[in-house]
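All remarks here apply to the structure that follows.
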Amino acid sequence: MEKMSRRKFLKLGTLCAAGVSAAAIGASSVASAATTATTGTYQKNVKRLKGTAMGMVIDMREIDSEKIAELQKVCHAFHNVPNVPNEKDEVKWIWAEKYVNLFAGETTERLAEKFADKDFVALCNHCESPVCVRVCPTKATFTNDQGIVLMDMHRCIGCRNCMAACPYGARSFNFVNPRDYLDEVNYAYPTRMKGVVEKCNFCAERVAVGQLPLCVEAAGGAISFGDLNDPESKVSKLIAENFTLQRKINLGTKPKVYYII
Amino acid sequence: MIEKALIKRTSKSYWAWVLFLIALIAVGFAAYLYQMTQGFTVTGMSRDISWGMYIGHLTFFVGVAAGGVMIVLPYYLHNVKEFGRITVVGEFLAIPAVIMALLFVVVDIGSPMKLFNVYIYATPHSMLFWDSVVLPCYLLLNLVVGYSVLQAENKGLHYKKWVKALALVSIPFAFSIHIVTAFLYSGLPSRHYFLTAMLPAKFLASAFATGPSLIILICFLLKKLCGFDAGWNAIKKLSVIIAYAYTATIFMVGCEFFTAFYSNVPSHKAALQYLFFGLHGHNQFVPFMIVFVICVVFALFLLIPRQNRENPVKLGFACALVFLSMYIEKGLTFIIGGLSETPFGEIASYHMTAVEFLIIVGIFAIGILIATILFKLVVVVKKDRDPGAYVPEDRAGLALKLTTEKGMFVDTVARDKDREDEDE
Amino acid sequence: MYKPTKIIIALVIFLAIVTFPIWSSIGSDSVSPDVEISLDTPAINALGDDASCIYDTDYMRANHMKVLSEWKVEVVRNGNRMIVTEDGREYLASLENTCFECHSNYEDFCLKCHEYSNVDPSCWECHLEPVTDSNVSEEV
């Protein structure tokens, strides 16, 4: 037998290895083709709330600090939002923020204290042009077909770019394991893990089956929810008839939460 | 070739240094494991200051990596022959710098198990995605180019054409890594300290001051420790680049001040006030900014007048001041400053924790270890193949004299002069 | 120094060792695992003889993770919360609110098999195990 040169031998060896791995990949793809999961079709619930730009109108004339605490309790209890005592690490979906803080830079200069210190409802604005969605490197946060800005917790890597980007401070990071700080557990909704970002989801899981968000229900008429693109919806009518404010519209994010003062 | 770095001409002090660095890496890794088990609550970051020292260091070391291009670009594009001996230093400096930058991203990620989602679900409208594309590309380019050039030299050959092609490709990549990193911040609508078109330019200018400064310091160190001589003309050329780039950087910092304070827009002023003077009682960064200002004044004084710049001792000081000042401005304070004003118009403070500090020390140790091995490789290869770059042992003592210009670079100054005469 | 025969023999031995997990299990497909999972839950018992899972048992045993992974995408990202099987049955695609309605015995169902096959699905980091007497007293 002619003696093989080392180079030739190595080349041959590499080719063999490549062949074997190609065969293995081929075999595995055949195997997976035979066992695809889908054996049915996916559908949306027929009762799902209709709309392409879900928004909220909050009538602050009818909501006080106690009411906000109640809304927060209902929301956080259902969504398993942890109650982290350390303020630095806190997680919140809906909370009370003073008027001067909520509308920082857009208030009047010599505002009477009773207005400046009035507690307002703060939550994610579900912007039409959300910065968080723009900056997210994995599309873990995205806008659904109803204009609700959602988090895919499975995909979030916890880079916190969205938190730096959000002009509304709506996002919280799980600095600790949230399960250690649940006062009570709702087994119908998942918790989160430490190291992911979360925020208000406009109760997408309820909207999908035709229910209003929990805070809307708990507010007893002071908060309205619906399609801002539909001129006949309750939210559109409220905006048409009342003086309303949005937060930081000069940033071009097009927030979908309106406040009646 | 790498075995040369590990076994050839090693000394006890070399191994002691390597072991010391490995010990620091172990400590940093332990701190990282602690952070991962406890969660980010053990860092100084909060709901308001969502990025801290890690992302600050990422920014700074991307700059250091990009700065190496100030040798590569003149050499490959403008045929500046003086840089021939140290292009590999520029390329090899970029390697640990990019690795450190990437590690600073990894330790900042809350769920690192899912890190590769960045590539699986590639998102072109995200700047962080582009950062995670260009940084590994730049790393790879520098590894291939630097190693190939050195290997060719080791074999006594000229590097191949494709190596030069790759070196040319690496030039736009060097710019892009820092531009993309700047876009990461300058595209955020509500952070006024970040939201400036000046940012990419400022980042690039400061990188082109910081990177070459570190290269000069490394050259001085290689000379002192190993007798490797980069060539005084190369250093002189680099010092001019530093002088211009640094002055441009400081000019742009000044522009930020003018725009913020002349316009008198509160949220434009907030970050600068917070960092330099303290705002609403939050003033933990004021001492750092005082050091920054002092560094700037002395560095400019040492860099701009030619007679200062061309004195090795003064140049060494100037480079150290440039590096320190930009480390403060970009590495330590830039991110915190930008995030200090919360969306609710309040100032949030940030205090680095021991865990963060140890992780940062660990990453520094990784970078320095890689740099140690790479530069040892350079020195060993050059000693075999480029004896002209070497100060003979008996004259090493003379080379160490940092008293005068001629004292340090006497042999190269003389040789460079001979060459110039020959050219004529 | 350079002896191709020895290298090839060594390579063959190396490949044989590396591929051990693959060839050692050839022909053992039909052997059922030595693990018993329990279907004894109130909801399943109430269904009586008509009890059936969303897909047939063998398919679910092999593919439940793929089914759930697909639900994950369809529900969270596409908003399709209903799954309609080929024979027309409708389900809410939800681990908590559909699967656990029947399989409320986490320890004797999910965990047993996961432990047997030595897998630790990351699902449980967020998704809560179904309520049972044991974990209620523990968690709440």
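All chains are named by letter (A, B, ...) in the order of the sequence lines, taking the proteins before the strands, and each is independently numbered beginning at 1. For clarity, every value in this text was computed on a predicted model and none was experimentally measured. As a basis for the values below, the full set of heavy atoms in this structure was taken, side chains included, without hydrogen atoms, waters or symmetry mates.
Within 6.0 Å of the CZ atom in B:Phe277, the count of heavy atoms belonging to other residues, nucleotides or ligands exceeds 12. When the shell of 6.0 Å around CZ of B:Phe357 is examined, it contains 12 or fewer heavy atoms from other residues, nucleotides or ligands. Crowding of A:Phe78 atom CZ: a count of heavy atoms from other residues, nucleotides or ligands under 6.0 Å exceeding 12. Atom CZ of B:Phe261 is surrounded by more than 12 heavy atoms from other residues, nucleotides or ligands within 6.0 Å. Atom CZ of B:Phe344 is surrounded by more than 12 heavy atoms from other residues, nucleotides or ligands within 6.0 Å.
Checked by atom type and distance alone, the side chain of B:Ser46 never pairs as donor or acceptor with a backbone atom of A:Lys88 at under 3.5 Å. In this structure, the side chain of A:Lys139 engages the main chain of B:Ala122 through a donor-acceptor pair within 3.5 Å. With hydrogens and angles ignored, the 3.5 Å screen pairs a side-chain donor or acceptor of B:Ser111 with a backbone N or O of A:Gly195.
In this structure the side chain of A:Val196 reaches within 4.5 angstrom of the side chain of B:Lys114, judged on heavy atoms. Contact check for A:Asn101 versus B:Glu346: side-chain heavy atoms found under the 4.5 Å cut-off. For the pair B:Thr123/A:Pro137, no side-chain contact is recorded, criterion being any heavy-atom separation below 4.5 Å from C-beta on. Inter-residue side-chain proximity for B:Met45 and A:Phe175 is flagged as met; some heavy-atom pair is nearer than 4.5 Å.
Annotation: maximal heavy-atom pairing with chain A below 4.5 Å, among B:Pro266, B:Pro124, B:Gly338, B:Ser126, occurs at B:Ser126. The candidate with the highest count of non-hydrogen atom pairs below 4.5 Å against chain A, out of B:Gly39, B:Ser50, B:Gly44, is B:Ser50. Of the listed residues (B:Leu188, B:Val118, B:Asp108), the one with the most heavy-atom contacts under 4.5 Å to chain A is B:Asp108. Between chain B and the options A:Asn86, A:Val131, A:Val197, heavy-atom pairs under 4.5 Å are most frequent for A:Val131. Taking chain A as the reference chain and counting heavy-atom pairs below 4.5 Å, the highest number among B:Phe194, B:Tyr185, B:Tyr121, B:Phe116 is found for B:Tyr121.
For B:Ile109, the parts lying near chain A are the backbone and the side chain together; criterion is any non-hydrogen pair under 4.5 Å. When heavy atoms are compared at a cutoff of 4.5 Å, B:Thr37 approaches chain A solely by way of its backbone atoms N, CA, C and O. When heavy atoms are compared at a cutoff of 4.5 Å, B:Arg191 approaches chain A solely by way of its side chain, counted from C-beta outward.
Residues of residues 148-170 of chain A lying under 4.5 angstrom from chain B, judged on non-hydrogen atoms, are A:Met153, A:His154, A:Arg155, A:Cys156, A:Ile157, A:Gly158, A:Cys159, A:Arg160, A:Asn161, A:Met163, A:Ala164, A:Ala165, A:Cys166, A:Pro167, A:Tyr168, A:Gly169, A:Ala170 in numerical order. Contacts from residues 243-261 of chain A to chain B, taken as heavy-atom pairs separated by less than 4.5 Å, involve A:Arg247, A:Lys248, A:Leu251 in sequence order. Residues of residues 64-76 of chain A placed with any heavy atom under 4.5 Å of a heavy atom in chain B are absent; none qualify.
Among pairs with a residue in residues 92-114 of chain A, those fulfilling salt bridge (charged side-chain N to carboxylate O under 4.0 Å, His left out) read A:Glu90-A:Lys92, at least two apart in sequence or across chains.
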